[in-house]
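Remarks on the structure that follows.
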Amino acid sequence: SPTSPSSGSNAPQLSSVNGAVSGRVVSVTIDASGPLAATGGAALVQSSLGQFLITRVSDTSYTVLTAVCTHQSCTVSGFQNSRFVCPCHGSQFTTSGSVSNGPATQALRSFAASFANGVVTFSA
């Protein structure tokens, strides 16, 4: 059935980190022992502007995506095999936000991010 969870929906839960907000800018401090310390790490950012998915793609580069699934607006909270996984119906997204497995058909919204002095910032 299209509303039952698929095999990918039981992915391990992302670690959660807090984002500080100033205006429309979210800042995430990278903790040396946290989930974003190493390339390939990912986390769910909690902020007063919403929830976001963040991935470390290199020593100095991060991707930031909305955590709202484009299928039925569930919060994407799983991460497995370098894919973000929605717990509601199993949609999977690459770390750049494109759909790798439905039922979602639209990519997650991405946000331009910068990294300096141990802090990732992006406008939401």
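The first residue in the sequence is number 1, and the count goes up from there.
- Atom-to-atom distance recorded for Asn101:CG and Cys86:SG is 11.5 Å, nearest 0.5 angstrom.
- Within the structure, no pair that satisfies the side-chain hydrogen bond (donor to acceptor under 3.5 Å, both in side chains) test touches residues 17-26, not counting sequence neighbours.
- The backbone N or O of Val57 sits nowhere less than 3.5 Å from a side-chain atom of Thr55 that would complete a donor-acceptor pair.
- Distance check, rounded to the nearest 0.5 Å: OG of Ser91 to CG of Leu108 gives 9.0 Å.
- Applying the side-chain hydrogen bond (donor to acceptor under 3.5 Å, both in side chains) test to pairs two or more places apart or on separate chains, those with a residue in residues 112-124 are Ser114-Thr121.
- Hydrophobic clustering (side-chain heavy atoms under 4.5 Å, transitive across Ile, Leu, Val, Met, Phe, Trp, Tyr) groups Val17 together with Tyr62.
- A perpendicular orientation is assigned to the rings of His71 and His89, their planes being inclined by more than 60° (bins at 30° and 60°).
- For residues 90-124, there are no disulfide bond (SG atoms under 2.5 Å apart) pairs, not counting sequence neighbours.
- Grouping the Ile, Leu, Val, Met, Phe, Trp and Tyr side chains by contacts below 4.5 angstrom, directly or via other members, places Leu14 with Leu65.
- Here the closest non-hydrogen pair linking Arg83 and Thr94 is NH1-CG2, 3.7 Å.
- For the pair Val119/Ile30, no side-chain contact is recorded, criterion being any heavy-atom separation below 4.5 Å from C-beta on.
- The shortest side-chain heavy-atom distance between Asp59 and Thr39 falls under the 4.5 Å cut-off.
- Taking OG from Ser110 and CG from Leu53, the interatomic distance works out to 11.5 Å, rounded to the nearest 0.5 Å.
- Note on residues 93-124: no pairs pass disulfide bond (SG atoms under 2.5 Å apart), not counting sequence neighbours.
- The shortest distance between side-chain heavy atoms of Leu36 and Ile54 falls below 4.5 Å.
- Listed here is the closest heavy atom pair of Thr70 and Ala104: OG1-CB, 3.5 Å.
- Both tests hold for Arg56 against Phe115: distance to the six-membered ring centre under 6.0 Å, angle to the ring axis within 45°.
- Cluster annotation: Leu49 and Val120 are assigned to the same hydrophobic cluster (Ile/Leu/Val/Met/Phe/Trp/Tyr, side-chain heavy-atom contacts under 4.5 Å, transitive).
- When every heavy atom of Ala113 is checked against every heavy atom of Val64, the shortest pair comes out as CB-CG2, 3.7 Å.
- Residue pairs meeting the disulfide bond (SG atoms under 2.5 Å apart) criterion with at least one member in residues 34-76, sequence neighbours excluded, are Cys74-Cys88.
- When side chains are defined from C-beta on, Phe79 counts as touching Thr95, because their heavy atoms get closer than 4.5 Å.
- Cluster annotation: Phe122 is connected to Val21 through the hydrophobic network of ILVMFWY side chains, with a link wherever side-chain heavy atoms come within less than 4.5 Å.
- Between Ala37 and Ala32, the shortest heavy-atom distance links the atoms CB-O, 3.2 Å.
- In this structure, Phe93 has no ring-ring contact (aromatic ring centres under 6.0 Å, His included) partners at least two apart in sequence or on a different chain.
- Taking 4.5 Å as the limit, every side-chain heavy atom of Leu44 sits out of range of all side-chain heavy atoms of Phe52.
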